[in-house]
Amino acid sequence: MAYEALRSQVGQTSQPQASDFAVEVRKNPQGYAVWMIEQEPGQHGVLLVKLDRDGGMEDAWQLGHPFADRSTQGSYALDVARDLGIKLMDVVKN
């Protein structure tokens, strides 16, 4: 499965190669997670998060486009998590 990813860090935007992205995550599945977020009411997003030692966000990439509803967001996030073999966390507050 190919993913369009954008770095979510302020001031930095890059688009990694989908194949490189998946390979890196699969090398260290414990170091990554899929987070479902609601940035603003009605704006649902999915992030691929590189975790720090404490399980917090070290780096993140937004996957796909904002989703109109939680059902679509959840389906997409679950597909990504299953494909990459990493954990999924439902709605992480900013």
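Keep in mind the model is a prediction, meaning the values are calculated, not measured. For reference, positions follow the sequence shown, starting with 1.
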What residues, two or more places apart in sequence or in another chain, satisfy side-chain contact (heavy atoms from CB on, under 4.5 Å) together with Thr72? Phe67, Asp69

Set of side-chain contact (heavy atoms from CB on, under 4.5 Å) partners for Lys87, sequence neighbours left out: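 For Lys87, the residues satisfying side-chain contact (heavy atoms from CB on, under 4.5 Å) (neighbours in sequence not counted) are Ala33, Leu51.
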
Asp54 side chain to Gly56 backbone, donor-acceptor under 3.5 Å: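 Pair absent, no side-chain N/O of Asp54 close to backbone of Gly56.
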
Is it the case that the side chain of Arg70 and the backbone of Glu38 share a donor-acceptor pair, with hydrogens and angles ignored and the cut-off at 3.5 Å?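 Judged by distance alone, no pair lies under 3.5 Å.
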
Could you tell me if the side chain of Met89 sits less than 4.5 Å from the side chain of Ile37, heavy atoms only? no

4.5 Å side-chain heavy-atom contact, Met36 and Leu47: no

Verdict with reasoning, Tyr76 to Leu63, per side chain to side chain contact (heavy atoms under 4.5 Å, CB included): CA-CA 9 Å; Tyr76 180 78; Leu63 302 176; 3.8 Å; yes

Apply the test side chain to side chain contact (heavy atoms under 4.5 Å, CB included) to residues Gln43 and Gln73: give CA-CA distance (whole Å), side-chain angles for both, the deciding distance (0.1 Å), then the verdict. CA-CA 10 Å; Gln43 290 186 337; Gln73 174 198 35; over 6 Å; no

Where Asp52 and Glu58 come nearest, the two heavy atoms and their spacing: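 The answer is CA-OE1, 3.8 Å.
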
Closest non-hydrogen atom pair between Pro29 and Lys27, with its separation: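 Closest approach of Pro29 to Lys27: CD-C, 3.6 Å.
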
Candidates Val80, Val34, Leu48 - the one meeting side chain to side chain contact (heavy atoms under 4.5 Å, CB included) with Val25: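 So, applying the side chain to side chain contact (heavy atoms under 4.5 Å, CB included) to Val25 and each of Val80, Val34, Leu48, only Leu48 qualifies.
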
